[in-house]
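Scroll down for the structure; my scribbles are underneath it.
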There are 2 protein chains.
Amino acid sequence: MTTIADVARAAGVSTATVSRALSNPDAVSEPRRSQVLQAAKALGYAPNYAAQSLRTTRSQRIILTVPDISNPFFSAVIRGAEEAALAARYSLLIGDTHHDSEREEYYAAMLTRREADGMVFLGHRLAPTMVALVAKQGAEAPIVNGCEFEPGLNVSSVHIANAVAAAEAMQHLYDLGHRRIGVITGPLLSPISRDRLSGVQGAAAGQRLWDEVLVRTGDFSVDSGEALAHELLAEEHPPTALFCFSDEMAIGAIAALRERGLDCPRDVSVVGFDDIRYARAFQPALTTISQPKEAIGRKAVEMLLAILSKKADGLASITLPHELVVRESTAPPAR
Amino acid sequence: MTTIADVARAAGVSTATVSRALSNPDAVSEPRRSQVLQAAKALGYAPNYAAQSLRTTRSQRIILTVPDISNPFFSAVIRGAEEAALAARYSLLIGDTHHDSEREEYYAAMLTRREADGMVFLGHRLAPTMVALVAKQGAEAPIVNGCEFEPGLNVSSVHIANAVAAAEAMQHLYDLGHRRIGVITGPLLSPISRDRLSGVQGAAAGQRLWDEVLVRTGDFSVDSGEALAHELLAEEHPPTALFCFSDEMAIGAIAALRERGLDCPRDVSVVGFDDIRYARAFQPALTTISQPKEAIGRKAVEMLLAILSKKADGLASITLPHELVVRESTAPPAR
DNA sequence: GTGCATAATGTAATCCATTACAAAATATGG
DNA sequence: CCATATTTTGTAATGGATTACATTATGCAC
């Protein structure tokens, strides 16, 4: 491996000059600079990352954990995050936690070892190591929460107004004439589901129809959407519309309808959440709440970078705009 | 930050003993070891990654580049890769290249800076830096190609038998009674598409029906599938079946059918490729070639680890099994 | 108890780039 | 041309762990 010393020797200057020519060109006179650059190129020199990182105590790396990387919702967020990281010359370490707290802790420990300068997590809880960090450093802790917002965690976050969005979805169904609505939530541990459920309650109560709402708790997966839709449709008075807290569950729910010989939207309307890549192409195209996925990722990283460069003041909780996208999976109730 | 010296002081031993107690426990007597471990825990010590990496010249990191992280096909491969990496105490740096060669080079340069020990790339070409590495180190170059297989690159690879798989898909359509078949490929720059096209040609020629095959070149995206399906269906003698080289294009093609008032599979059958997560739930459920996505990721990383530990001998090109999954999107031709 | 093999521990060099501080070179003003 | 300010360059300490080699302790045989 060629080192900075080799370059210095070849260019006939000191290692300090080489270092400066490379990372702080203004501090070096023109003739030297080109001497050095030429020698560096000739030798194929590239700075050793570990040495650089050791000396500067910065890793130029951000760790991003997601509960499930193969969910296109999360991968869109990742895209935005990578964008923002790259623009600031950081690179992104991605950790798939599989919703598993041990893995969450595993990735969090990377902060302690200084493998990364900060962390963006898409989830609803902090691993022990992160709790300790937050306790010690408060708002300076280099941790940002994406998608969810749990005030008790004491970290900055970026998300949409989940309650409002959910209320809008319900209102859309009420406007179409639906009265009895089945709601399939995500795990109620996560604020994302609780907030959306609050929105559902608000909208339903506003219509004096809360007792016509049937709630089931799913886990965001296609399978749970399918199973719980079956349950709801088997009720004595089945709902004429379903609101699912993820597009994946909506897809599962529509599959359940099909299995029961029902048509969406003719017999039952379905609203999803997230507006994943396939929502548009799905048959029927999904009516859903569109989240600004890339923007969430981008913003989360930008907030983290602000914390890292001491430009952030205090905790911030940013709400990005969502949008109800009406497509084919909703229609007025039959008859 | 607590360092190894702090722990040494607290435990009343030398730094060497601390290091050994932590990373090579057998080299230290029992009493010392627990002394050290206790001190380390009490001080909340965690080894500094950069220092460790600098000294050992190993980063314990693998970089994996994908052309599009939000494609669930690739994210499934990523999952498998992360699995295998984690099991070997490596972590995965993921780079989304957006099919862009500058980004490919950007990530490849990380190898030069020793930010990663090796690289798995899901793509069909090598960035200049990687070409240089392969030229210098030959089969020892820590680079593995996943999904594709381009012998000219001189790197090991893991993939399925693309030509065979494509031929099977065609044969399935012939067996159903189709004669005139539209094929929507991916970019022909990539061997993955060329191999599949060869398989198509083989199967068609075997039936003496090659002149009934209509080929269009897409780019694996939903949109290109949709646009090219429209083109094919507007032909004077439109095909009765379409074979798309990705599920995304198949989804696009089915959307095109719908737009033209045609039903899949009643009017036109469609076969996809990859068996992504949504292929099953899609309406109609896609007939497709299932690739062992996680296994490809896992195997690619394992091969890379073998190269890194000098256990690999020469280049290897591993073929994993695929499977034609027949679902609802294919049926005998109308009439 | 002595002598030798083996195990346990310590000392200090090392990995490579950055940067505080010192020294040298150049510019500026009179 | 001298004195001082400014720019450029160099020397050497530094970051934190690992490990070759040297040293000390322990075990075992006689």
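Here is how names work: the chains are called A, B, and so on, in the same order as the sequence lines, proteins then strands, and each is numbered from 1. What you are looking at is a predicted structure, and each value in this text was computed from that prediction instead of being measured.
The separation between A:R55 atom CZ and C:dT14 atom P is 19 Å, rounded to whole Å. Rounded to an integer number of Å, the gap from A:N48 CG to D:dG16 P is 17 Å. The separation between A:N24 atom CG and D:dT7 atom P is 14 Å, rounded to whole Å. Atom CG of B:D26 is separated from atom P of C:dT9 by 13 Å (rounded to the nearest Å). Remark: P of C:dA17 and CZ of B:R114 are 11 Å apart, rounded to the nearest angstrom. Across the protein-nucleic acid pair, A:E30 atom CD and D:dT9 atom P stand 11 Å apart, rounded to whole Å. Atom P of nucleotide C:dA17 and atom CG of A:L22 are separated by 9 Å, given to the nearest angstrom. We find that CG of B:L54 is positioned 17 Å from P of C:dA13, with the value rounded to whole Å.
Cation-pi contact between A:R61 and B:Y49: absent, since separation from the ring centre below 6.0 Å together with deviation from the ring axis within 45° is not met.
Backbone-only contact: B:R32 has heavy atoms under 4.0 Å from sugar-phosphate atoms and none from a base. Contact annotation for A:V28: backbone-only contact, meaning every heavy-atom pair under 4.0 Å involves sugar-phosphate atoms and none involves a base. Residue contacts for A:V18: at a heavy-atom cut-off of 4.0 Å it reaches no nucleic acid atom on any strand shown.
Between A:D68 and B:R79, at least one side-chain nitrogen of the basic residue sits less than 4.0 Å from a carboxylate oxygen of the acidic one, meeting the salt-bridge criterion. Between A:D26 and A:R33 there is no salt bridge, since no side-chain nitrogen of the basic residue lies less than 4.0 Å from a carboxylate oxygen of the acidic one.
Interatomic distance, CD of A:Q60 versus CZ of A:R89, reported as 8.5 Å (0.5 Å rounding).
Taking the nucleotide of DNA chain C with the nearest heavy atom to each of A:S19 and B:S29, the more 5' of the two is matched to B:S29. Sequence order on DNA chain D of the closest nucleotides to B:T3 and A:T15 puts A:T15 first from the 5' end.
Side-chain nitrogen and oxygen atoms of A:Q52 include at least one within less than 4.0 Å of the OP1 or OP2 phosphate oxygen of C:dT18. Contact check, B:T17 against C:dG10: a side-chain N or O comes under 4.0 Å of OP1 or OP2. Dashed line: the shortest gap from a side-chain N or O of B:Y45 to OP1 or OP2 of D:dA17 is under 4.0 Å. Between C:dT9 and B:S14, no contact under 4.0 Å exists linking OP1 or OP2 to a side-chain N or O.
For B:V13, counting side-chain heavy atoms from C-beta on, the closest listed nucleotide (C:dG10, D:dG10, D:dG16) is C:dG10.
A side-chain N or O of A:T129 and one of A:E105 form a donor-acceptor pair less than 3.5 Å apart.
A donor and an acceptor atom sit less than 3.5 Å apart, one in the side chain of A:R20 and one in the base of D:dG10.
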